[in-house]
Novice: 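After the structure tokens below, expect a handful of questions from me.
When a residue number appears, it is its place in the shown sequence, counting from 1.
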Amino acid sequence: MPGQGTDSVLVLASASPRRLDLLRQIGIVPGQVLPADLDETPLKRELPGPHARRLAQAKAEAIRARAPGAFILAADTVVGCGRRILPKAETDAELRQCLELLSGRRHRVHGGVSLIAPDGTMRHRLVQSSVIFKRLTPDEIDAYVASGEGRGKAGGYAIQGRAATFIRAIEGSYSNIVGLPLFETSQLLSGAGFRW
């Protein structure tokens with residue numbers, strides 16, 4: 001088994017190009033990208049934070065057998081409005097519902113991060129960021145839905161794109177809202193002995 005440090009490969013258990021870009025931003029290039037294919041349906045009465053943590057852990061566990069001796073990094077981003085988990089909007093109707101719900105309100109973005117070290121130990125972080133949307137006009141919602149930018153995004157929007165014009169304020173980690181909390185992720189990796 002490779003030792004911890006630069007000899008061990010980092011495997012990113014995610015298909016998200018945003019997560020890969022965020023890691024590259026801080027100088028980390030995973031040796032492999034192995035997306036975990038999971039059912040991401042929330043459990044009955046599951047809250048947004050526990051949902052994000054459970055999915056991040058499940059993604060890491062799903063890849064464990066395929067990457068022995070590697071660092072395995074997995075994450076999940078969940079947009080919560082109160083106790084409600086918003087979907088990764090796939091249709092125009094879902095996009096519209098998300099935007100109408102978020103309009104003029106504060107919501108939270110929960111980022112679950114899990115890391116399996118080469119010795120098999122698992123570490124977790126759950127990060128919460130707060131986002132305040134301005135009140136959106138019907139025309140703004142129509143234009144954003146038509147752009148297609150929010151498709152497949154948690155809560156139906158991408159803060160790093162056109163939706164930046166909707167956001168009055170954020171509190172907490174910006175990179176968490178994009179898809180991976182970089183401070184906490186770097187702390188997890190360095191604490192587990194990964195060097196980059």
Side-chain angles (χ1 to χ4, degrees), residues 1-80 85-88 90 108-130 152-155 158-160 172-196:
M1 180 183 289
Q4 292 188 349
T6 53
D7 292 338
S8 294
V9 171
L10 176 65
V11 174
L12 177 61
S14 174
S16 167
R18 293 171 301 286
R19 290 195 182 109
L20 196 54
D21 288 345
L22 285 164
L23 285 172
R24 287 179 176 148
Q25 179 183 319
I26 59 171
I28 298 175
V29 180
Q32 281 185 284
V33 177
L34 296 174
D37 186 22
L38 298 177
D39 178 1
E40 298 190 9
T41 306
L43 302 176
K44 190 173 183 179
R45 295 205 251 323
E46 191 172 32
L47 296 175
H51 181 60
R53 181 186 167 106
R54 177 177 67 81
L55 289 182
Q57 183 174 346
K59 288 175 182 179
E61 289 286 5
I63 300 302
R64 186 192 288 265
R66 294 169 59 192
F71 288 93
I72 301 168
L73 179 67
D76 198 76
T77 305
V78 174
V79 173
I85 296 171
L86 274 63
K88 290 182 178 170
E90 297 294 347
R108 288 182 170 78
V109 178
H110 305 265
V113 184
S114 292
L115 177 70
I116 298 176
D119 65 4
T121 59
M122 184 181 274
R123 296 166 168 83
H124 309 281
R125 291 287 183 278
L126 182 61
V127 179
Q128 182 177 281
S129 304
S130 180
K153 307 291 194 305
I159 193 172
Q160 72 276 21
S173 169
Y174 172 81
S175 61
N176 181 50
I177 303 165
V178 177
L180 187 69
L182 290 177
F183 174 78
E184 291 80 5
T185 299
S186 67
Q187 294 293 300
L188 268 183
L189 287 164
S190 62
F194 183 77
R195 301 289 174 257
W196 66 93

Novice: A side-chain contact here means heavy atoms from C-beta on lying under 4.5 Å apart; do V113 and V127 qualify?
Specialist: no
Novice: Are any side-chain N or O atoms of S129 and backbone N or O atoms of S173, one a donor and one an acceptor, separated by less than 3.5 Å?
Specialist: yes
Novice: Could you give me the CA-CA distance, side-chain angles and deciding distance for Q57 and R54, then say whether side chain to side chain contact (heavy atoms under 4.5 Å, CB included) is met?
Specialist: CA-CA 5 Å; Q57 183 174 346; R54 177 177 67 81; 5.9 Å; no
Novice: Using modelled atom types and a 3.5 Å cut-off, is there a donor and acceptor pairing between side-chain atoms of R64 and backbone atoms of G120?
Specialist: yes
Novice: What's the shortest heavy-atom distance between S186 and W196, and which atoms?
Specialist: O-CH2, 3.6 Å
Novice: Side chain to side chain contact (heavy atoms under 4.5 Å, CB included), that's the test. Do T185 and I26 meet it? Break it down for me.
Specialist: CA-CA 10 Å; T185 299; I26 59 171; 5.7 Å; no
Novice: For the residue pair A52 and L126, what are the closest heavy atoms and their distance?
Specialist: CB-CD1, 4.2 Å
Novice: Measure the spacing between OG of S130 and CD1 of I177 and express it to the nearest 0.5 Å.
Specialist: 8.0 Å
Novice: Find the distance between CD1 (I72) and CE (M122) and round it off to the nearest 0.5 Å.
Specialist: 8.0 Å
Novice: Nearest 0.5 Å please: distance from the CD atom of E184 over to the CG atom of N176.
Specialist: 7.0 Å
Novice: Restricting to non-hydrogen atoms, name the atom on S175 and the atom on P181 that form the minimum distance, rounded to 0.1 Å.
Specialist: OG-CA, 3.5 Å
Novice: Please report the C-alpha distance between Q32 and R66 in whole Å, then the side-chain angles of each, then the deciding distance to 0.1 Å, and finally whether the side chain to side chain contact (heavy atoms under 4.5 Å, CB included) criterion is met.
Specialist: CA-CA 11 Å; Q32 281 185 284; R66 294 169 59 192; over 6 Å; no
Novice: Identify the heavy atoms of A62 and L38 that sit nearest to each other, and give their distance.
Specialist: CB-CD2, 4.2 Å
Novice: Is any side-chain heavy atom of V109 closer than 4.5 Å to one of I159?
Specialist: no
Novice: With distance as the sole test, does R19 use its side chain to make a donor-acceptor pair with the main-chain N or O of G179 at under 3.5 Å?
Specialist: yes
Novice: State, to 0.1 Å, how close P42 and I85 come at their nearest heavy-atom pair, and which atoms those are.
Specialist: CB-CD1, 3.8 Å
Novice: Is there side-chain contact between V29 and L23, with at least one heavy-atom pair below 4.5 Å?
Specialist: no
Novice: Determine the sole option in L34, L73, I116 for which the side-chain contact (heavy atoms from CB on, under 4.5 Å) test with I63 is passed.
Specialist: L34
Novice: Without swapping roles, check the side chain of R195 against the backbone of S190 for a donor-acceptor pair under 3.5 Å.
Specialist: yes
Novice: D76 and L55: which non-hydrogen atoms are nearest, and at how many Å?
Specialist: OD2-CD1, 3.5 Å
Novice: Within a radius of less than 6.0 Å around OH of Y174, do more than 12 heavy atoms belonging to other residues, nucleotides or ligands occur?
Specialist: yes
Novice: Before giving the answer on salt bridge (charged side-chain N to carboxylate O under 4.0 Å, His left out), spell out for K59 and E40 the whole-Å C-alpha distance, their side-chain angles and the decisive distance to 0.1 Å.
Specialist: CA-CA 10 Å; K59 288 175 182 179; E40 298 190 9; 3.8 Å; yes
Novice: Under the criterion side chain to side chain contact (heavy atoms under 4.5 Å, CB included), I'd like the reasoning laid out for L20 against R24: C-alpha separation, chi angles, the key distance, then a yes or no.
Specialist: CA-CA 6 Å; L20 196 54; R24 287 179 176 148; 3.7 Å; yes
Novice: Calculate, to the nearest 0.5 Å, the distance between atoms OG1 and NE2 belonging to T41 and H51 respectively.
Specialist: 8.0 Å
Novice: To the nearest 0.5 Å, what is the distance between CD on Q160 and CG on L22?
Specialist: 8.0 Å
